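The model shown is predicted, which means the values in this text are computed figures rather than measured ones.
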There are 2 protein chains.
Amino acid sequence: MVNKEIIEILVDNDLKVTPQRIAVLEVLLGNTDHPSAENILQYMRINHPNVPIGTVYKILDAFCKKGIVTKVKTDDNAIRFDPVKEPHHHLYCSESDRIEDFYDDELNLLLANYLKKKKIPNFTIESIKLQLTGKFKNNK
Amino acid sequence: MVNKEIIEILVDNDLKVTPQRIAVLEVLLGNTDHPSAENILQYMRINHPNVPIGTVYKILDAFCKKGIVTKVKTDDNAIRFDPVKEPHHHLYCSESDRIEDFYDDELNLLLANYLKKKKIPNFTIESIKLQLTGKFKNNK
DNA sequence: ATAATTGCAAAAGCTTTGCATGGCC
DNA sequence: GGCCATGCAAAGCTTTTGCAATTAT
């Protein structure tokens with residue numbers, strides 16, 4: 001039984017509903033670990049073996065263009081993906097490639113107000129994201 | 001005439017002083033555009049043709065380990081480098097790969113105070129950096 | 001029907017690695 | 001002289017691309 005919500009997202013974005021796209025979206029919406037394309041493929045294999053990695057990249061590219069997912073900025077060579085949700089920030093582990101979401105509405109407000117008041121010359125802000133690097137205590 | 005300061009940085013970090021390392025450091029300290037390894041090579045070619053890209057990568061790796069430079073987080077597949085300086089943030093162009101530094105001590109203080117007061121569960125912060133994405137008005 | 005998506009495979013980046021040579025201390 | 005860095009070339013990984021076959025609308 002396929003999630004109605006997932007199909008709705010695809011339809012709303014003028015994307016044809018294919019099993020491969022549903023599978024990729026399921027993985028993205030069901031995980032908060034900011035998977036790489038390869039990670040997504042591994043998650044998918046349970047129900048969808050035989051999907052080529054090239055297809056996953058094409059699907060992710062289509063999702064990015066529609067704004068369904070965004071690329072997470074990292075300093076290593078594998079691109080990581082994040083389904084777009086409410087505004088949030090990222091906690092980066094300094095010892096591994098772990099990335100967690102961090103929600104804080106008070107902080108969002110604080111930053112938005114500060115940056116509205118104190119404009120940056122020659123730059124129009126579209127997105128404000130905090131990159132907090134450090135150590136997690138629970139090594140999940 | 002070689003910059004004394006550059007040699008000092010190498011010596012202070014227990015790195016042998018070689019022409020290649022001097023050249024890479026010169027590029028990094030002389031540019032604020034967060035170059036990729038390939039960019040660095042291009043800048044170097046003026047005075048140092050024939051340095052292989054592999055050597056540049058090895059040098060950058062050594063500099064990272066010593067903390068002389070840091071990798072800049074991006075969402076494309078080329079790693080970019082930044083010589084470590086005072087705490088600062090990054091302005092990312094949403095239409096190109098341009099990245100500029102953004103200094104704001106008042107903002108640093110605001111963030112540090114807020115995050116000191118409002119601790120994040122299971123996470124110890126080592127670095128606070130803003131990723132501001134948007135549009136530059138001057139297309140340098 | 002037809003336009004878009006998938007599958008496959010090749011190619012194109014970017015980065016890393018191994019080993020012999022050469023250079024710094 | 002000993003050890004480390006460089007140069008060169010190959011290999012590794014991630015991502016992109018082209019095209020024919022397939023599928024959704």
Side-chain angles (χ1 to χ4, degrees), chain A residues 2 6-27 34-45 47-66 68-81 97, chain B residues 2 6-27 34-45 47-66 68-81 97:
Chain A
V2 173
I6 286 176
I7 292 179
E8 204 178 304
I9 293 172
L10 293 174
V11 171
D12 287 353
N13 284 282
D14 296 312
L15 292 169
K16 284 188 181 170
V17 178
T18 68
Q20 296 85 343
R21 284 178 173 168
I22 291 170
V24 171
L25 247 188
E26 271 174 351
V27 169
H34 312 85
S36 65
E38 191 60 47
N39 294 152
I40 290 168
L41 197 67
Q42 282 160 18
Y43 284 123
M44 283 172 64
R45 275 204 231 280
N47 299 312
H48 302 262
N50 311 326
V51 176
I53 188 76
T55 297
V56 174
Y57 277 105
K58 282 173 185 164
I59 289 171
L60 288 169
D61 188 52
F63 286 1
C64 282
K65 288 207 174 90
K66 293 294 185 179
I68 298 172
V69 300
T70 50
K71 295 179 178 179
V72 178
K73 294 189 196 311
T74 69
D75 57 11
D76 52 37
N77 10 353
I79 298 174
R80 308 271 293 265
F81 297 88
D97 57 2
Chain B
V2 172
I6 285 177
I7 293 181
E8 204 178 302
I9 293 173
L10 293 174
V11 172
D12 288 353
N13 284 281
D14 296 313
L15 292 169
K16 284 189 182 169
V17 179
T18 68
Q20 295 84 345
R21 284 178 173 169
I22 291 171
V24 171
L25 248 188
E26 272 175 353
V27 169
H34 312 85
S36 65
E38 192 61 47
N39 294 152
I40 291 169
L41 196 68
Q42 281 160 18
Y43 284 124
M44 283 172 63
R45 275 204 231 282
N47 300 310
H48 303 261
N50 309 326
V51 176
I53 188 78
T55 296
V56 174
Y57 276 105
K58 282 172 186 167
I59 290 172
L60 288 167
D61 188 51
F63 287 1
C64 281
K65 288 204 173 94
K66 295 292 184 179
I68 298 172
V69 300
T70 50
K71 294 178 178 178
V72 179
K73 294 190 194 315
T74 69
D75 56 12
D76 52 37
N77 14 353
I79 298 175
R80 309 272 291 266
F81 297 88
D97 58 3

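Look at CD1 on A/Ile53: it is 13 Å from C1' on C/dG7, rounded to the nearest Å. The interatomic distance linking B/Asn13 (CG) with D/dC4 (C1') rounds to 16 Å, in whole Å. For the pair B/Ile59 CD1 and C/dC24 P, the interatomic distance rounds to 12 Å; values are reported in whole Å. Between A/Asp61 atom CG and D/dT14 atom C1' the separation is 14 Å, expressed in whole Å. Taking atom CG on A/Leu60 and atom P on D/dT14, their separation rounds to 14 Å, with Å as the unit. Per the geometry, CG belonging to B/Asp76 stands 14 Å off C1' belonging to C/dT15, to the nearest Å. Distance OH (A/Tyr57) to P (C/dT6): 16 Å, rounded to an integer number of Å. Here the C1' atom of nucleotide D/dA9 and the CG atom of B/Asn50 are 16 Å apart, to the nearest Å.
The phosphate of D/dT23 has neither OP1 nor OP2 within less than 4.0 Å of any side-chain N or O from A/Gln20.
Checked by atom type and distance alone, the side chain of A/Asn39 pairs as donor or acceptor with a backbone atom of A/Ser36 at under 3.5 Å.
Set against D/dC8, C/dT6, C/dC24, the side chain of A/Arg21 has C/dT6 as its closest nucleotide. Listed nucleotides: C/dT16, C/dT17, C/dT5. Nearest to the side chain of B/Lys58: C/dT17. For A/Lys16, whose side chain is taken as the heavy atoms from C-beta onward, the closest listed nucleotide among D/dG7, C/dA4, D/dA5 is C/dA4. Comparing D/dG7, C/dT15, D/dT15 by their nearest atom to the side chain of A/Asn77 picks out C/dT15.
A/Asp12 contributes atom CG, which lies 11.0 Å from atom NZ of A/Lys66 (distance to the nearest 0.5 angstrom).
Residues A/Ala37 and A/Leu15 both approach DNA chain D. Their nearest nucleotides, taken by heavy-atom distance, put A/Ala37 toward the 5′ side. Each of B/Thr18 and A/Gly54 lies near DNA chain C, and the nucleotide nearest A/Gly54 is the one positioned closer to the 5' end. Nucleotides of DNA chain C nearest to B/Pro19 and B/Ile79 differ in position, and the one nearer the 5' end is that of B/Ile79.
Between A/Leu60 and A/Val69, the shortest heavy-atom contact is O-CG2, 4.2 Å.
Residues B/Asp75 and A/Phe81 are not in side-chain contact: their nearest non-hydrogen atoms beyond the backbone lie 4.5 Å or more apart.
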**Q.** Criterion side chain to side chain contact (heavy atoms under 4.5 Å, CB included) on A/His34 and A/Thr74, from CA distance to verdict
**A.** CA-CA 11 Å; A/His34 312 85; A/Thr74 69; over 6 Å; no

